[in-house]
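Each remark here refers to the structure printed beneath this line.
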Amino acid sequence: MAGDTTAPRARLLLVSGSTRGASSNTAALRTAAGLSPDCVGAVLYDRIADLPAFGPDAEEPPAVADWRTQQAGANAVLFCTPEYAGTLPGSFKNALDWTVGGSDLYGKPVAWINVAAPNRGAGATATLRTVLGYVGAVVIEEACIHLPVGRDAIGADGTVQDQGVRDGLVRVLTVIRDHLAATT
Ligand SMILES: Cc1cc2nc3c(=O)[nH]c(=O)nc-3n(C[C@H](O)[C@H](O)[C@H](O)COP(=O)(O)O)c2cc1C
């Protein structure tokens, strides 16, 4: 687990679908970054608000180039997004639209955590599955879990303190690590 000084052998990109400052989705991923196995270097991407509105004719500004580079350089991607109006937040869908037509996520192992309250958030994950299918990502089904994170579970440092959630995150990270070990 975290603390080992050897060079990471794999890179896991953690992508938050929320732009909210005190986001529970971003907090979950920030926590996951600190719990990542020694052999996996986890990097949080929480900059979807920097991306301009996608258009097929749009120039690719530096923020988009960075977004693409982050994805291309990752061995796997773990998403965590809120549900807005039964689907993905527009800003997150916009970020994903920038990847459609590219190959950055093609064949890439991906998973998601749903941190919404029990029985919530399924519309977001369903849409995410659809979009990831369009870009040819490979879903690690066993790592896609519902792990509710209450706002009171987030500490002053912006990480989730609840041990049950932390244990769940470790399980997700372990499944991803094992998938990468078996396939790369
Ligand atoms: C515009 C808007 C629409 C929302 N729509 C839904 C919804 O359809 N279903 C749901 O379960 N929650 C919905 N919510 C609640 C958010 O998913 C919830 O507040 C979530 O914790 C936000 O994630 P964050 O803390 O990472 O920002 C909505 C919130 C907002 C602001």
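Side chains are part of it too, since the values below use all heavy atoms of this structure and drop only hydrogens, waters and symmetry mates. Throughout, residue positions are numbered sequentially from 1 according to the sequence presented. First listed ligand is number 1; within each ligand, the first listed atom is number 1.
Closest heavy-atom contact between N94 and P52: ND2-O, 3.0 Å. The heavy-atom pair separating I48 from A95 by the smallest distance is CG2-CB, 3.7 Å. Of all the heavy atoms in N114 and R120, the pair that sits closest is ND2-O, 2.9 Å. What you find for W67 and L51 is that their closest heavy atoms are CD1-CD1, 3.8 Å.
Closest to atom 15 (C) of ligand 1, if we only count protein heavy atoms, is E83 O, 4.0 Å. Considering only non-hydrogen protein atoms, atom 2 (C) of ligand 1 sits nearest to Y84 CD1, 3.7 Å. Looking at atom 22 (C) of ligand 1, its nearest protein heavy atom turns out to be P82 CB, 3.5 Å. In terms of protein heavy-atom proximity, atom 19 (O) of ligand 1 is nearest to R151 NH2, 3.2 Å. Here the heavy atom of the protein found nearest to atom 25 (O) of ligand 1 is R20 NH2, 2.8 Å. Of all protein heavy atoms, the one lying nearest to atom 21 (O) of ligand 1 is S24 OG, 3.7 Å. Atom 26 (O) of ligand 1 has its closest protein heavy atom at S23 OG, 2.5 Å. Counting protein heavy atoms only, atom 10 (C) of ligand 1 is closest to R120 NH2, 3.5 Å.
At a threshold of 4.5 Å between side-chain heavy atoms, the hydrophobic network of Ile, Leu, Val, Met, Phe, Trp and Tyr places V160 and V172 in one connected group.
Between the side chains of S18 and T26, not a single donor N or O lies within less than 3.5 Å of an accepting N or O.
Less than 4.0 angstrom separates some heavy atom of G86 from each of these atoms of ligand 1: 7 (C), 8 (O). Residue N25 has at least one heavy-atom neighbour below 4.0 Å for each of these atoms of ligand 1: 23 (O), 24 (P), 26 (O). Within ligand 1, counting atoms from 1 as listed, the ones closer than 4.0 Å to a heavy atom of S18 are 24 (P), 26 (O), 27 (O).
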Do E142 and R171 pass the salt bridge (Lys or Arg N to Asp or Glu O under 4.0 Å) test, and can you show the C-alpha distance, the side-chain angles, and the key distance before you say yes or no? CA-CA 10 Å; E142 201 189 338; R171 285 198 298 277; over 6 Å; no
Please test V43 against L14 for side chain to side chain contact (heavy atoms under 4.5 Å, CB included), starting from the C-alpha separation and ending with a verdict. CA-CA 6 Å; V43 178; L14 308 169; over 6 Å; no
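Proximity annotation for atom 5 (N) of ligand 1: of G123, A85, A22, A85 comes nearest, heavy atoms only.
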